[in-house]
Amino acid sequence: VQLQASGGGLVQAGGSLRLSCAASGRAFSNYAVGWFRQAPGQERDFVAAVNWDGDNTYYADSVQGRFTISRDNAENTVLLQMNGLKPEDTAVYYCAAILGSTSPLPYEYDYWGQGTLVTVSS
């Protein structure tokens, strides 16, 4: 599975962005997908994840109620809608795929996209 994240950019606090993770390769629907983010000098943190069919979603406490993850297996795409952005959301955002169940642990994921930069100005 190859992943490509896109949709990052510069936005003012309170604004919105929608990140997209496009997947190629076979059996994408067998994989759960997670979004992670990494700020400069920080560890890579869990943001959100969705299971293989989109019925179950999981969020970090810091984004609960502001971010929404969804997937379209027919289009091999996972979206992360980010509303109410805050300066502390500034980071490089990565999508990743894991065979089987979701996980908040980056090291458990099998495939990673290249990352897309989100910058939120105050």
Side-chain angles (χ1 to χ4, degrees):
V1 176
Q2 293 181 323
L3 304 173
Q4 184 168 359
S6 62
L10 174 63
V11 64
Q12 289 188 334
S16 298
L17 281 174
R18 187 175 72 173
L19 304 185
S20 178
C21 179
S24 61
R26 295 180 294 178
F28 173 66
S29 60
N30 289 343
Y31 290 82
V33 174
W35 283 97
F36 295 80
R37 65 187 181 188
Q38 188 167 20
Q42 303 294 317
E43 295 183 348
R44 191 166 296 189
D45 292 331
F46 171 74
V47 174
V50 61
N51 73 328
W52 69 275
D53 65 0
D55 282 353
N56 295 302
T57 57
Y58 307 88
Y59 298 94
D61 289 344
S62 59
V63 307
Q64 180 76 46
R66 299 188 297 124
F67 291 11
T68 302
I69 188 171
S70 61
R71 70 186 294 163
D72 183 343
N73 285 338
E75 297 292 331
N76 279 7
T77 300
V78 174
L79 300 177
L80 184 68
Q81 178 67 42
M82 306 187 297
N83 299 328
L85 283 163
K86 305 175 181 180
E88 52 263 43
D89 294 318
T90 295
V92 177
Y93 283 70
Y94 299 89
C95 60
I98 179 172
L99 187 62
S101 301
T102 61
S103 170
L105 303 174
Y107 64 80
E108 293 191 342
Y109 281 73
D110 302 301
Y111 302 98
W112 289 84
Q114 84 287 3
T116 185
L117 177 62
V118 172
T119 303
V120 184
S121 62
S122 57

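For the single chain, residues carry numbers from 1 onward in sequence order.
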Handout entry: Minimum heavy-atom distance between T116 and G8, given as atom pair plus value
Key = OG1-N, 3.0 Å

Problem - Over 12 non-hydrogen atoms of neighbours within 6.0 angstrom of CD in Q4 - result: no

Practice task
With sequence neighbours excluded, give me every ring-ring contact (aromatic ring centres under 6.0 Å, His included) pair touching residues 101-122.
Solution key: Y31-Y111, F36-Y109, F36-W112

Fill in the blank from the handout: When rounded to the nearest 0.5 Å, the distance separating CG of N73 from CG of N30 is 9.0 Å

Practice task
Find the distance between NZ (K86) and OG (S122) and round it off to the nearest 0.5 Å.
Solution key: 14.0 Å

Completion exercise
d(L79 CG, T68 OG1) to nearest 0.5 Å is 10.5 Å

Handout entry: T119 side-chain N/O to T90 backbone N/O, donor-acceptor pair under 3.5 Å
Key = no

Problem - disulfide bond (SG atoms under 2.5 Å apart) pairs, two or more places apart, involving residues 6-98 - result: C21-C95

Exercise for the section: Any ring-ring contact (aromatic ring centres under 6.0 Å, His included) involving residues 50-90? Give me the pairs, sequence neighbours left out, ordered by first then second residue. Expected result: none

Exercise for the section: May I ask you to decide if N51's main-chain N or O and N56's side chain share a donor-acceptor pair within less than 3.5 Å? Expected result: no

Practice task
Taking all non-hydrogen atoms of both residues into account, name the closest pair between T77 and S20 and its distance.
Solution key: CG2-OG, 3.5 Å

Handout entry: Connected via hydrophobic side-chain network under 4.5 Å: L85 and F46
Key = no

Problem - side-chain contact (heavy atoms from CB on, under 4.5 Å) evaluation trace for R37 with S62 - result: CA-CA 12 Å; R37 65 187 181 188; S62 59; 3.5 Å; yes

Handout entry: Linked, directly or transitively: V50 and I98 (ILVMFWY side chains, under 4.5 Å)
Key = no

Handout entry: Pairs where residues 56-85 contributes a residue and the test disulfide bond (SG atoms under 2.5 Å apart) is met, not counting sequence neighbours
Key = none

Exercise for the section: Would you mind reporting whether L19 and V118 have side-chain heavy atoms less than 4.5 Å apart? Expected result: yes

Problem - Partner set under salt bridge (charged side-chain N to carboxylate O under 4.0 Å, His left out) for R71, not counting sequence neighbours - result: none

Handout entry: ILVMFWY cluster, L17 and I69 together (side-chain gap under 4.5 Å)
Key = yes

Exercise for the section: Answer with yes or no whether the hydrophobic clustering places F28 together with W35; edges join I, L, V, M, F, W, Y residues whose side-chain heavy atoms lie under 4.5 Å apart. Expected result: yes

Handout entry: Backbone of A91 reached by a side-chain donor or acceptor of Q38 within 3.5 Å
Key = no

Practice task
Side-chain contact test, heavy atoms from C-beta onward, threshold under 4.5 Å: evaluate it for V63 versus M82 and give yes or no.
Solution key: no

Exercise for the section: Report the distance from atom OG1 of T102 to atom CD of E108, rounding to the nearest 0.5 Å. Expected result: 10.0 Å

Problem - Partner set under salt bridge (charged side-chain N to carboxylate O under 4.0 Å, His left out) for R18, not counting sequence neighbours - result: none

Problem - hydrophobic_cluster_shared for V92 and V120, side chain cutoff 4.5 Å - result: no

Exercise for the section: Please check if atom CD in Q114 has more than 12 non-hydrogen atoms from other residues, nucleotides or ligands closer than 6.0 Å. Expected result: yes

Problem - R66 to G84 - nearest heavy-atom pair and separation - result: NH1-O, 2.9 Å

